[in-house]
Amino acid sequence: MSTTEEKSLNFIEEIVEEDLRSGKYKTILTRFPPEPNGYLHIGHAKSICLNFGLANKYGGATNLRFDDTNPTTEETEYVESIKADVKWLGFNWAKELYASDYFEQLYNFAVDLIKKGLAYVDDSTSDEIAASKGTPTQPGTPSIYRDRSVEENLQLFAEMRAGKYKDGEKVLRAKVDMASPNMHLRDPIMYRIKHAHHHRTGDKWCIYPLYDFAHGQSDSIEHITHSICTLEFIPHRPLYDWFIEKLDIFPSHQYEFARLNVTYTIVSKRKLLQLVNEKIVDGWDDPRMPTISAMRRRGFTPESLRDFCEKIGVAKRENLIDYSLLEFCVREHLNKIALRRMVVFDPLKVVITNYEVGKVEMLKGENNPEDEDTTYRDIPFSREIYIEREDFMENPPKKYFRLAPGQMVRLKNAYIIKCEEVMKDEQGNITEVHCTYLPESKSGGDHSNIKVKGTLHWVSIPHAINAEVREYDRLFTVENVDEAPGDFKDYINKDSLHVVANAYAEPALQHAKFDERYQFLRKGYFTLDMDTSEEKLVFNRTVTLRDTWAKEKGKA
RNA sequence: UGCCCGAUAGUAUAAGGGUAGUACAACAGAUUUUGGUUCUGUAUGUCUUGGUUCGAAUCCAGGUCGGGCAACCA
């Protein structure tokens, strides 16, 4: 008998299961339909996990389809980054497709609707069309071109395609209902004229279909069973269904879920583009960005992102997810896989006065205590070491477990030391601390019988190697950036990047690899940045460790 | 003033007429050679008013609140 709790289904999974159970479909086909006009972000990750996840779970497939119907904003660079991101997240698409692959077919669909008297060419200007649409509470008024004959429409549309007209001179509109309470049904535009170069079709076309006359038809052509999109497309659904019905083609169905929002971040392509263009960040993959490429560079793992998308759920209610959930997911995974290393960011010299001058001991340190068969690396120990400056206080508050005059601490993987003397310069700044060590307290063979509260990380000064460490904080200062009054850029966190130019790392890090993750003891999780060169190691901080001591201090 | 969505702890998300559960966050404690990990425990919730019912988060009606809809964007 199984004791495993049955995981509850989200509302889309319920629809899919019902469709499968009822025999409506034998197998499902979903699609992930990005427009190649920007980089994918954490919000897209939710959509990717949903669409591909559904197909994986129910034995179907997912197409990657680029919604490239607007040649003026779309570029091949984006196509490549999107493909890389989806792959990195761990998903494989059945087919790589483009809405532009269907331009000829879409054109024929339009001709079909013209012949059925359901579409017409309109010579009105953009402003005139907007004005005649009415308002949500007032019906629109029909265009004077609405009743052109089929023959005339056919000829005009052919001339549009042939390039006889300038941009904006004419459009093709669906003849639906100018009085509909749904604005999207008030004779929506199907085609506009754009003499622009398309990233795939080049100059073959000068008319391009709009979203409403491309997306649903593309779904139908591919026989997509479940076309999943975000809430703002709900009012488009009647039109989606209308085109499919009038064209009498495969009936794909659209379902809508609430997009992801995360505290202290933005997921608007427009705003992200602005951050990049205005050089507020260093590019789409600046590790502070919520893009998938940035998160990859920062050290997030695909496993942790998928886990996050699983945990946030799928529903129709608008939501704002705590950034701390993302941090939890990444820590949970990194804790299992990260190699433990010691790195001192802000050094304070410690001299162990009773340790032999010139002596070097190789100590063993666990690579990862979470591993059942943990392996070890060698760590050199000597008379002079660095500890973190914040790990020493001359006048410590109560409950301070670190080094202080007369106090003892454990050096991780090494000995217990006791602070004997504090050395200062003329200004009174602490320059170094003199300690004695307990030879019988060596890690692994401790028979000192002494228990200490604190354990510090450290590096041997003569063996330390240099590294640059980049510490990131949230990009915005307010939880809900979209709701904050004024311009979103007013809430940029000025301290979102802190660079430690000269950190001291234990020698094992000399051989750090790009695909490895590290936990710098008591500091956080780190990974090598691509700026690393022969001369310089550069690490990105993916996320800090949970820090209950910082919280304790905050209370004081 | 039209149409369309939605409303369950701080944040998300379950319970589909029968004990309001889970995760993150918070708080308290235990363990710990990382103030990490792990473990234990605590507090906090069904928008509102009626109705149906032995019984309502769930079904019905009204209200309130939040969101969306008038790009030749997607």
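Throughout, protein chains are lettered first and strands after them, A, B, ... in sequence-line order, and every chain is numbered starting at 1. This structure is a prediction, so every number in the text was calculated from the model and none was measured.
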Calculate the interatomic distance between [X] atom [atom1] and [N] atom [atom2]; express it in whole Å.
X	N	atom1	atom2	answer
A:Met178	B:rG2	CE	C1'	15 Å
A:Asp322	B:rU11	CG	C1'	4 Å
A:Phe401	B:rU33	CZ	C1'	14 Å
A:Lys269	B:rA71	NZ	P	20 Å
A:Asn182	B:rC69	CG	P	12 Å
A:Glu327	B:rG36	CD	C1'	14 Å
A:Ile312	B:rA14	CD1	P	12 Å
A:Phe257	B:rU13	CZ	P	12 Å

Which part of the nucleic acid does [X] contact within heavy-atom distance under 4.0 Å: base, sugar-phosphate only, or nothing?
X	value
A:Thr230	nothing
A:Leu521	base
A:Pro369	base
A:His457	nothing
A:Glu256	nothing
A:Ser126	base
A:Thr125	base
A:Thr263	nothing
A:Phe233	base
A:Arg237	nothing
A:Arg331	nothing
A:Glu370	base
A:Asp212	nothing
A:Lys442	base

Under a 4.0 Å N-O cut-off, is there an ion pair linking [X] with [Y]?
X	Y	result
A:Glu471	A:Arg541	yes
A:Arg259	A:Asp482	yes
A:Arg65	A:Asp101	no
A:Arg402	A:Glu388	no
A:Glu256	A:Arg237	yes
A:Arg377	A:Glu506	yes
A:Asp378	A:Lys364	yes
A:Asp187	A:Arg146	yes

Please find out if less than 6.0 Å separates the ring center of A:Tyr98 from that of A:Phe66.
yes
Pick the [atom1] atom in [N] and in [M], then give their distance to the nearest Å.
N	M	atom1	answer
B:rG68	B:rA12	P	16 Å
B:rU48	B:rC65	P	15 Å
B:rU58	B:rU52	P	15 Å
B:rU19	B:rA25	C1'	26 Å
B:rG55	B:rC39	C1'	39 Å
B:rA23	B:rA56	C1'	26 Å
B:rU32	B:rC27	P	23 Å
B:rU8	B:rA14	C1'	10 Å

Selection from [options] that lies nearest to any side-chain heavy atom of [X]:
X	options	value
A:Thr69	B:rU34, B:rA74, B:rG2	B:rA74
A:Lys412	B:rU13, B:rU33, B:rG36	B:rU33
A:Lys194	B:rC73, B:rG35, B:rC5	B:rC73
A:Arg522	B:rU34, B:rC73, B:rA7	B:rU34
A:Tyr400	B:rC72, B:rC24, B:rG35	B:rG35

Is NZ or CZ of A:Arg474 both nearer than 6.0 Å to the six-membered ring centre of A:Tyr264 and within 45° of the ring axis?
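Flagged: A:Arg474 positioned over aromatic ring of A:Tyr264.
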Hey, is A:Tyr211 doing a stacking thing with B:rA74, by the 5.5 Å centroid and 30° angle criteria?
no
Tell me the stems RNA chain B sits in, counting at least three consecutive Watson-Crick or G-U wobble pairs, each under 3.5 Å on both distances.
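Counting only runs of 3 or more consecutive pairs, the stems involving RNA chain B are B:2-7 with B:64-69, B:10-13 with B:21-24, B:26-30 with B:38-42, B:47-51 with B:59-63.
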Can you work out whether A:Thr135 or A:Leu456 has the more 5'-proximal nearest nucleotide on RNA chain B?
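Closer to the 5' end of RNA chain B: A:Leu456.
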Would you mind telling me which residue lines up with the more 5' stretch of RNA chain B, A:Ala315 or A:Lys453, judged by nearest nucleotide?
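The residue closer to the strand's 5' end, by nearest nucleotide, is A:Ala315.
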From A:Asn335 atom CG to A:Asn368 atom CG, the distance as rounded to the nearest 0.5 Å:
7.0 Å
